[in-house]
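One structure is given below, encoded as structure tokens.
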Amino acid sequence: MKIDSIINGIVIDHITAGSGMKLYGLLGLDELDCSVALIRNVASRKTGKKDIIKIDADIPVSFDVIGYVDPGITVNIIKDGVITEKKTIELPETLTNVIKCKNPRCITTVEQELDHVFKLVDRDTKTYRCIYCEAKAE
Amino acid sequence: MKSLIDILDLSVEEIDSLLDTALDIIANPKKYSEVCHGKKLATLFFEPSTRTRLSFEAAMMELGGNVIGFSEASSSSASKGESVADTAKVISCYADIIAMRHPKEGAPLVASMNASIPVINAGDGGHNHPTQTLADLLTIKREKGHFDGLTVGFCGDLKFGRTVHSLINALSRYTGIKFVLISPDELKLPGYVIRDVIEKNGLPYLETRSLEEVMPELDILYMTRVQGERFFSEEEYLRLRDSYILDTEKLKSAKEDLVIMHPLPRVNEISVSVDRDPRACYFKQVLNGKFVRMALILKLLTEAGTI
């Protein structure tokens, strides 16, 4: 399968095979006008299989979302056909408006304007807790 | 702007210093009677809690300050749909410090993020109630003189009792504490409190269903109410209820210097006959609550540069 190279845009690489579609939705890529390619089950030397997303525009993407869904992903920023920046995304310390608090007693359930903010409390178990009510992220 | 939302916002050193200030206030009340002259405490109580509100108000008055506020959401702008953030910004224009009680968890944190004055969490749902914990700590300090090496028993509803979780959190930072957790299986201390607080600090603990069995080894007995609605069956509740009622008979095997505590209100979990026992300290806790709130108001207003 051949996908054209990007001149100016972003390549999200080393996505765990099968997570590409989830990331696609969470990043809101379905709402973009530019070309976006989601390539699934690409052969990978490291992991056997991986997903890749190519975005043919220099748009702001949330590294928090990427890190939360799949830490270890690489984000390549491409300008004039050359990789100008390469970032390996780790589990973010804070998640803002990535996931919602589901605790019915949390203040965020009645105050719709509040940001939903979660803090990483345990990196090993990938546990996040709501900063307001301390409920564990599901 | 320093606020108090969670007891863990305070370091051990800060807690020790607050307790020392409270002890000094008790010893020298006159010295503190005008320190907050001209300053205002706003008590924003979005749900009624008469005792906590009056404790804060009495504390501010004994410091020579004034009090404004409301005692339920229906008499505030919240009933018109105003957000906690906006309320905090508005009240910051009128008062020097806020004490907030709110039924939703995290509301005082939201207030502190938006206020330009210190905010004290006076209870947010079943979540945090740090000034109750400070009252508990001051009571232990006054009765025992220290925290290190104490065997502290918690009895009753250890699953939902926020005062229990919060006090365990605070005490876990002292050395040599042993916890004895007395409850029915349905109301045991949640696994994450044992794992993340007690075990993480390397402290010994014992879980048991029997108050009588462990009574002789306790230095502190912290009673809580076992509520019927927490049980799956009425039968089970009635069967267990009496075993968690403290009476003079059960106290016969207790140490002579045991300290009996309860966050109040009490329903029937401590027999009224125990009130005459010199080891009963739950009404002293109420008084200590006022003194430690005075110390806290002083600390936060001083750090804010208001006094």
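Order of the sequence lines fixes the chain letters, A, B, ..., with proteins taken first and strands second; residue numbering starts at 1 for each chain.
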Requested in this report: Check whether NZ of the Lys or CZ of the Arg R105(A) lies under 6.0 Å from the centre of the six-membered ring of F160(B) and within 45 degrees of that ring's axis.
Outcome: no

Report task. Identify which of G126(B), A107(B), A85(B) forms the greatest number of heavy-atom pairs closer than 4.5 Å to chain A. Result -> A107(B)

Query raised in the report: Relative to chain A, which of P103(B), G125(B), S83(B) shows the most heavy atom pairs under 4.5 Å?
Result: S83(B)

Euclidean distance, [Y] [atom2] relative to [X] [atom1], rounded to 0.5 Å:
X	Y	atom1	atom2	value
D122(A)	D196(B)	CG	CG	8.0 Å
Y192(B)	E134(A)	OH	CD	8.5 Å
I107(A)	E105(B)	CD1	CD	10.0 Å

Query - Donor-acceptor contact below 3.5 Å, side chain E111(A) vs main chain V84(B) - result: yes

Query raised in the report: Does K104(B) use its side chain to pair, donor to acceptor, with the backbone of C133(A) at less than 3.5 Å?
Result: no

Does atom [atom1] of [X] have more than 12 heavy-atom neighbours from other groups under 6.0 Å away?
X	atom1	value
E303(B)	CD	yes
K22(A)	NZ	no
K126(A)	NZ	yes
F63(A)	CZ	yes

Report summary line: Smallest heavy-atom separation, H127(B) atom then Y132(A) atom, equals CE1-O, 3.2 Å

**Report entry** Check: I131(A) and M113(B) side chains under 4.5 Å, non-hydrogen atoms
**Finding:** yes

Query raised in the report: With a 4.5 angstrom heavy-atom cut-off, which part of T108(A) approaches chain B: side chain, backbone, both or neither?
Result: neither

